[in-house]
Amino acid sequence: MKKSFTLIELLVVIAIIAILAAMLLPALSAARESARANNCRGNLKNLGNATVLYTDSWDGWLPQAAAAIGGTSSYRYWPTCLAEGLNAEGRWDHIWRDDTPQSTKAYFQCPTSISSGNAKSDRSGGVVYKELTYQYNTLIGNGAAKTPTAPRMLHRVASPVEVLLIIESDRYPDWKFSLSGSTPFTGNTYFGAPHGKSMNCLYADGHVDSVTESTYETAEAQAHQIEMLGD
(Lines give C-alpha, C1' and ligand atoms only; values in the text may rest on other atoms or scores of the structure.)
Protein backbone atom coordinates (compact mmCIF):
# COMPACT_ATOMS: atom_id res chain seq x y z
CA MET A 1 0.00 0.00 0.00
CA LYS A 2 1.38 3.39 -1.07
CA LYS A 3 2.21 5.61 1.87
CA SER A 4 0.71 9.12 1.85
CA PHE A 5 2.46 12.26 3.06
CA THR A 6 1.47 13.29 6.53
CA LEU A 7 0.48 16.88 7.22
CA ILE A 8 3.77 17.42 9.08
CA GLU A 9 5.78 16.17 6.10
CA LEU A 10 3.87 18.42 3.69
CA LEU A 11 4.48 21.42 5.92
CA VAL A 12 8.20 20.60 6.04
CA VAL A 13 8.37 20.39 2.23
CA ILE A 14 6.51 23.70 1.88
CA ALA A 15 8.85 25.33 4.40
CA ILE A 16 11.93 24.08 2.52
CA ILE A 17 10.55 25.42 -0.77
CA ALA A 18 9.85 28.78 0.84
CA ILE A 19 13.39 28.96 2.24
CA LEU A 20 14.92 28.09 -1.15
CA ALA A 21 12.75 30.69 -2.87
CA ALA A 22 13.79 33.34 -0.35
CA MET A 23 17.43 32.49 -1.06
CA LEU A 24 17.06 32.52 -4.86
CA LEU A 25 14.89 35.61 -5.36
CA PRO A 26 17.58 38.17 -4.38
CA ALA A 27 20.05 36.47 -6.72
CA LEU A 28 17.52 36.53 -9.56
CA SER A 29 16.74 40.18 -8.87
CA ALA A 30 20.45 41.05 -8.89
CA ALA A 31 20.94 39.17 -12.17
CA ARG A 32 18.00 41.01 -13.72
CA GLU A 33 19.38 44.39 -12.64
CA SER A 34 22.84 43.47 -13.93
CA ALA A 35 21.30 42.70 -17.33
CA ARG A 36 19.47 46.04 -17.31
CA ALA A 37 22.65 47.92 -16.40
CA ASN A 38 24.53 46.19 -19.25
CA ASN A 39 21.71 47.08 -21.63
CA CYS A 40 21.95 50.69 -20.46
CA ARG A 41 25.69 50.76 -21.12
CA GLY A 42 25.03 49.31 -24.56
CA ASN A 43 22.52 52.10 -25.25
CA LEU A 44 25.06 54.75 -24.31
CA LYS A 45 27.75 53.08 -26.42
CA ASN A 46 25.37 53.20 -29.39
CA LEU A 47 24.71 56.88 -28.69
CA GLY A 48 28.47 57.41 -28.59
CA ASN A 49 28.83 55.76 -32.00
CA ALA A 50 26.02 57.95 -33.31
CA THR A 51 27.85 61.01 -31.96
CA VAL A 52 30.99 60.02 -33.88
CA LEU A 53 29.00 59.62 -37.10
CA TYR A 54 27.28 62.96 -36.54
CA THR A 55 30.60 64.69 -35.82
CA ASP A 56 32.18 63.21 -38.96
CA SER A 57 29.21 64.37 -41.05
CA TRP A 58 29.28 67.91 -39.64
CA ASP A 59 32.97 68.73 -40.03
CA GLY A 60 33.87 67.98 -36.43
CA TRP A 61 30.97 69.76 -34.69
CA LEU A 62 29.44 67.89 -31.77
CA PRO A 63 25.63 67.58 -31.64
CA GLN A 64 24.10 70.52 -29.83
CA ALA A 65 21.86 69.98 -26.84
CA ALA A 66 19.36 72.23 -28.61
CA ALA A 67 20.02 73.98 -31.91
CA ALA A 68 17.75 76.80 -33.09
CA ILE A 69 16.28 76.15 -36.53
CA GLY A 70 16.93 79.27 -38.58
CA GLY A 71 13.93 81.45 -39.34
CA THR A 72 11.69 79.62 -36.87
CA SER A 73 11.02 79.48 -33.15
CA SER A 74 11.71 75.74 -33.14
CA TYR A 75 14.72 73.76 -31.95
CA ARG A 76 16.42 70.58 -33.07
CA TYR A 77 17.20 68.59 -29.95
CA TRP A 78 20.02 66.13 -29.40
CA PRO A 79 17.86 62.95 -29.44
CA THR A 80 16.77 63.78 -32.99
CA CYS A 81 20.40 64.30 -34.06
CA LEU A 82 21.56 61.01 -32.58
CA ALA A 83 18.54 59.08 -33.86
CA GLU A 84 19.65 60.08 -37.35
CA GLY A 85 23.17 58.85 -36.58
CA LEU A 86 21.64 55.50 -35.61
CA ASN A 87 19.62 55.40 -38.85
CA ALA A 88 16.57 55.25 -36.63
CA GLU A 89 13.27 56.94 -37.42
CA GLY A 90 11.84 59.49 -35.03
CA ARG A 91 11.88 63.09 -33.90
CA TRP A 92 11.96 64.34 -30.32
CA ASP A 93 10.57 67.70 -29.24
CA HIS A 94 10.10 67.34 -25.47
CA ILE A 95 8.22 64.17 -26.38
CA TRP A 96 8.70 61.59 -29.10
CA ARG A 97 6.41 62.08 -32.10
CA ASP A 98 3.55 59.62 -32.27
CA ASP A 99 5.02 57.87 -35.31
CA THR A 100 8.36 57.17 -33.57
CA PRO A 101 8.87 53.38 -33.30
CA GLN A 102 9.69 51.79 -29.96
CA SER A 103 12.96 50.52 -31.43
CA THR A 104 14.13 54.15 -31.66
CA LYS A 105 12.92 55.09 -28.19
CA ALA A 106 14.75 52.11 -26.70
CA TYR A 107 18.13 53.66 -27.54
CA PHE A 108 17.27 56.53 -25.17
CA GLN A 109 15.84 54.46 -22.33
CA CYS A 110 17.61 52.94 -19.38
CA PRO A 111 15.63 49.72 -18.68
CA THR A 112 16.02 50.24 -14.94
CA SER A 113 14.56 53.76 -15.00
CA ILE A 114 11.79 52.71 -17.38
CA SER A 115 10.82 49.81 -15.11
CA SER A 116 10.69 52.17 -12.11
CA GLY A 117 8.44 54.66 -13.95
CA ASN A 118 10.82 57.59 -13.44
CA ALA A 119 11.01 58.29 -17.16
CA LYS A 120 7.38 59.39 -17.09
CA SER A 121 7.55 61.66 -14.06
CA ASP A 122 6.36 65.25 -14.15
CA ARG A 123 8.85 68.07 -14.04
CA SER A 124 8.08 71.48 -12.56
CA GLY A 125 5.99 73.42 -15.05
CA GLY A 126 3.97 70.39 -16.01
CA VAL A 127 6.24 69.20 -18.84
CA VAL A 128 6.57 65.43 -19.10
CA TYR A 129 9.81 64.13 -20.60
CA LYS A 130 8.38 60.80 -21.66
CA GLU A 131 10.61 57.82 -22.31
CA LEU A 132 13.85 59.79 -22.21
CA THR A 133 16.09 58.81 -19.31
CA TYR A 134 19.39 60.23 -20.57
CA GLN A 135 20.49 63.85 -20.30
CA TYR A 136 22.84 65.84 -22.55
CA ASN A 137 25.46 68.35 -21.43
CA THR A 138 24.06 71.85 -22.09
CA LEU A 139 27.60 73.25 -22.23
CA ILE A 140 27.95 71.47 -25.56
CA GLY A 141 25.72 73.64 -27.68
CA ASN A 142 22.71 75.22 -26.06
CA GLY A 143 23.37 78.89 -26.75
CA ALA A 144 24.90 81.51 -28.99
CA ALA A 145 28.50 81.71 -30.17
CA LYS A 146 31.10 83.04 -27.71
CA THR A 147 29.00 82.06 -24.69
CA PRO A 148 29.65 79.25 -22.16
CA THR A 149 27.03 77.14 -23.95
CA ALA A 150 28.22 77.84 -27.51
CA PRO A 151 28.40 74.99 -30.06
CA ARG A 152 31.67 73.06 -29.78
CA MET A 153 33.97 71.17 -32.11
CA LEU A 154 35.32 67.88 -30.81
CA HIS A 155 38.95 68.72 -31.53
CA ARG A 156 38.60 71.90 -29.44
CA VAL A 157 37.59 69.95 -26.33
CA ALA A 158 40.63 69.94 -24.07
CA SER A 159 40.11 66.44 -22.65
CA PRO A 160 37.31 64.43 -24.36
CA VAL A 161 38.10 61.40 -22.21
CA GLU A 162 37.07 63.36 -19.10
CA VAL A 163 34.16 65.45 -20.38
CA LEU A 164 30.67 64.16 -19.68
CA LEU A 165 28.50 64.11 -22.79
CA ILE A 166 25.43 62.18 -21.65
CA ILE A 167 24.44 61.04 -18.16
CA GLU A 168 21.47 59.18 -16.77
CA SER A 169 19.41 60.09 -13.75
CA ASP A 170 16.57 58.49 -11.82
CA ARG A 171 16.10 61.62 -9.72
CA TYR A 172 15.25 64.41 -12.14
CA PRO A 173 13.65 63.57 -15.49
CA ASP A 174 14.89 66.05 -18.06
CA TRP A 175 16.55 66.16 -21.49
CA LYS A 176 19.65 68.04 -20.34
CA PHE A 177 21.94 68.64 -17.39
CA SER A 178 23.87 71.76 -16.43
CA LEU A 179 27.29 72.25 -14.93
CA SER A 180 27.75 75.53 -13.10
CA GLY A 181 31.09 74.98 -11.42
CA SER A 182 29.62 76.37 -8.21
CA THR A 183 26.61 74.20 -7.41
CA PRO A 184 27.09 70.45 -6.87
CA PHE A 185 24.98 67.93 -8.75
CA THR A 186 23.06 67.14 -5.60
CA GLY A 187 22.08 70.79 -5.32
CA ASN A 188 20.90 70.82 -8.94
CA THR A 189 19.20 67.44 -8.33
CA TYR A 190 20.46 66.14 -11.69
CA PHE A 191 22.58 63.40 -10.24
CA GLY A 192 20.82 60.13 -9.58
CA ALA A 193 21.97 56.54 -9.37
CA PRO A 194 19.56 54.14 -11.09
CA HIS A 195 21.89 51.15 -10.65
CA GLY A 196 22.29 50.85 -6.93
CA LYS A 197 24.80 53.57 -6.09
CA SER A 198 26.06 54.11 -9.62
CA MET A 199 25.02 55.60 -12.94
CA ASN A 200 26.34 55.11 -16.46
CA CYS A 201 27.95 58.00 -18.32
CA LEU A 202 28.99 58.61 -21.92
CA TYR A 203 32.07 60.76 -22.40
CA ALA A 204 32.98 63.00 -25.31
CA ASP A 205 35.58 60.54 -26.60
CA GLY A 206 32.86 57.85 -26.93
CA HIS A 207 33.71 55.61 -23.99
CA VAL A 208 31.14 54.60 -21.36
CA ASP A 209 31.86 54.26 -17.66
CA SER A 210 29.90 53.53 -14.51
CA VAL A 211 30.51 56.04 -11.73
CA THR A 212 29.44 56.25 -8.10
CA GLU A 213 27.24 58.92 -6.56
CA SER A 214 30.17 60.88 -5.17
CA THR A 215 32.14 61.21 -8.44
CA TYR A 216 30.61 64.42 -9.79
CA GLU A 217 28.52 65.72 -6.91
CA THR A 218 30.97 68.39 -5.78
CA ALA A 219 31.37 71.89 -7.16
CA GLU A 220 35.10 71.18 -7.61
CA ALA A 221 34.35 68.20 -9.85
CA GLN A 222 32.03 70.35 -11.95
CA ALA A 223 34.60 73.13 -12.21
CA HIS A 224 37.10 70.57 -13.51
CA GLN A 225 34.55 69.41 -16.10
CA ILE A 226 34.15 72.97 -17.35
CA GLU A 227 37.93 73.41 -17.49
CA MET A 228 38.33 70.20 -19.53
CA LEU A 229 35.81 71.48 -22.09
CA GLY A 230 38.36 74.06 -23.17
CA ASP A 231 37.63 77.37 -24.87
Side-chain angles (χ1 to χ4, degrees), residues 43-97 100 104 107-108 123 125 127 129 132-169 172-183 185 188 190-191 200-209 216 219 221-231:
N43 284 345
L44 288 171
K45 188 62 180 175
N46 283 325
L47 294 180
N49 292 336
T51 300
V52 171
L53 292 173
Y54 179 96
T55 304
D56 288 345
S57 298
W58 289 89
D59 299 324
W61 290 97
L62 285 163
Q64 295 187 56
I69 299 174
T72 73
S73 59
S74 301
Y75 288 84
R76 191 166 182 265
Y77 295 93
W78 70 270
T80 300
C81 297
L82 296 192
E84 292 175 4
L86 293 163
N87 289 321
E89 298 178 2
R91 181 180 177 84
W92 189 88
D93 187 1
H94 291 272
I95 189 171
W96 288 107
R97 280 187 3 179
T100 301
T104 298
Y107 285 115
F108 300 86
R123 179 178 180 269
V127 178
Y129 295 106
L132 187 66
T133 70
Y134 302 129
Q135 302 172 358
Y136 198 88
N137 191 343
T138 56
L139 291 182
I140 303 178
N142 193 40
K146 298 183 179 180
T147 66
T149 57
R152 294 179 184 274
M153 300 187 78
L154 180 58
H155 78 273
R156 295 292 299 274
V157 175
S159 181
V161 71
E162 294 183 81
V163 171
L164 291 166
L165 187 68
I166 299 174
I167 68 170
E168 60 171 338
S169 176
Y172 187 79
D174 206 339
W175 59 275
K176 65 187 186 313
F177 70 95
S178 300
L179 296 167
S180 68
S182 60
T183 306
F185 265 127
N188 283 335
Y190 289 107
F191 191 93
N200 295 317
C201 302
L202 171 66
Y203 293 80
D205 71 332
H207 88 276
V208 176
D209 198 6
Y216 296 110
Q222 288 197 51
H224 181 71
Q225 279 284 305
I226 294 171
E227 180 183 358
M228 292 301 97
L229 270 171
D231 298 330

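Looking at Tyr134, Phe108, Tyr54, Trp92 one by one, the single match for ring pair (Phe, Tyr, Trp, His ring centres under 6.0 Å) with Trp78 turns out to be Phe108.
A distance of 5.0 Å separates CG in Leu62 from CG in Leu154, rounded to the nearest 0.5 Å. Note that CH2 of Trp58 and SG of Cys81 are 8.0 Å apart. Values are rounded to the nearest 0.5 Å. Note: Gln135 CD to Leu165 CG = 12.5 Å, rounded to the nearest 0.5 Å. Of the inter-residue distances, the one linking Leu82 atom CG with Asn46 atom CG reads 11.0 Å to the nearest 0.5 angstrom.
The two residues Val157 and Met228 make their nearest non-hydrogen contact at CG1-O, 3.7 Å. Considering all non-hydrogen atoms of both residues, Lys45 and His207 come closest at NZ-CA, 4.4 Å. When all heavy atoms of Leu44 and Cys201 are compared, the closest pair comes out as CD1-N, 4.0 Å. Closest non-hydrogen pair, Ala158 versus Glu227, comes out as CB-O, 4.3 Å. Residues Pro63 and Tyr136 share a closest heavy-atom pair of O-OH, 2.6 Å. Closest of all the heavy-atom pairs between Leu53 and Gly85 is CD1-O, 3.3 Å.
Gln225 places a side-chain N or O within 3.5 Å of a backbone atom of Leu164 that can act as its donor or acceptor partner. Using a distance-only test at 3.5 Å, with no hydrogens or angles considered, no donor-acceptor pair links the side chain of Thr100 to the main chain of Trp96. When atom types are taken as modelled, the side chain of Arg152 and the backbone of Leu139 share a donor-acceptor pair closer than 3.5 angstrom. Between the Thr104 side chain and the Glu89 main chain, a donor and an acceptor come within less than 3.5 Å of each other. Lys176 places no side-chain N or O within 3.5 Å of a backbone atom of Ala66 that could act as its donor or acceptor partner. The closest donor-acceptor contact from the side chain of Thr138 to the backbone of Phe177 lies under 3.5 Å.
Asn49 is not listed as a side-chain neighbour of Leu86, based on a closest heavy-atom distance of 4.5 Å or more.
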side-chain contact (heavy atoms from CB on, under 4.5 Å) between Asn200 and Asn43, intermediate numbers included: CA-CA 10 Å; Asn200 295 317; Asn43 284 345; over 6 Å; no
For Trp175 and Tyr77: C-alpha separation, side-chain torsions, deciding distance, then whether ring pair (Phe, Tyr, Trp, His ring centres under 6.0 Å) applies. CA-CA 9 Å; Trp175 59 275; Tyr77 295 93; 5.0 Å; yes
Can you list the steps and then say if Val161 with Tyr203 is a side-chain contact (heavy atoms from CB on, under 4.5 Å)? CA-CA 6 Å; Val161 71; Tyr203 293 80; over 6 Å; no
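By the 4.0 Å N-to-carboxylate-O rule, Glu84 lies close enough to Arg76 to be salt-bridged with it.
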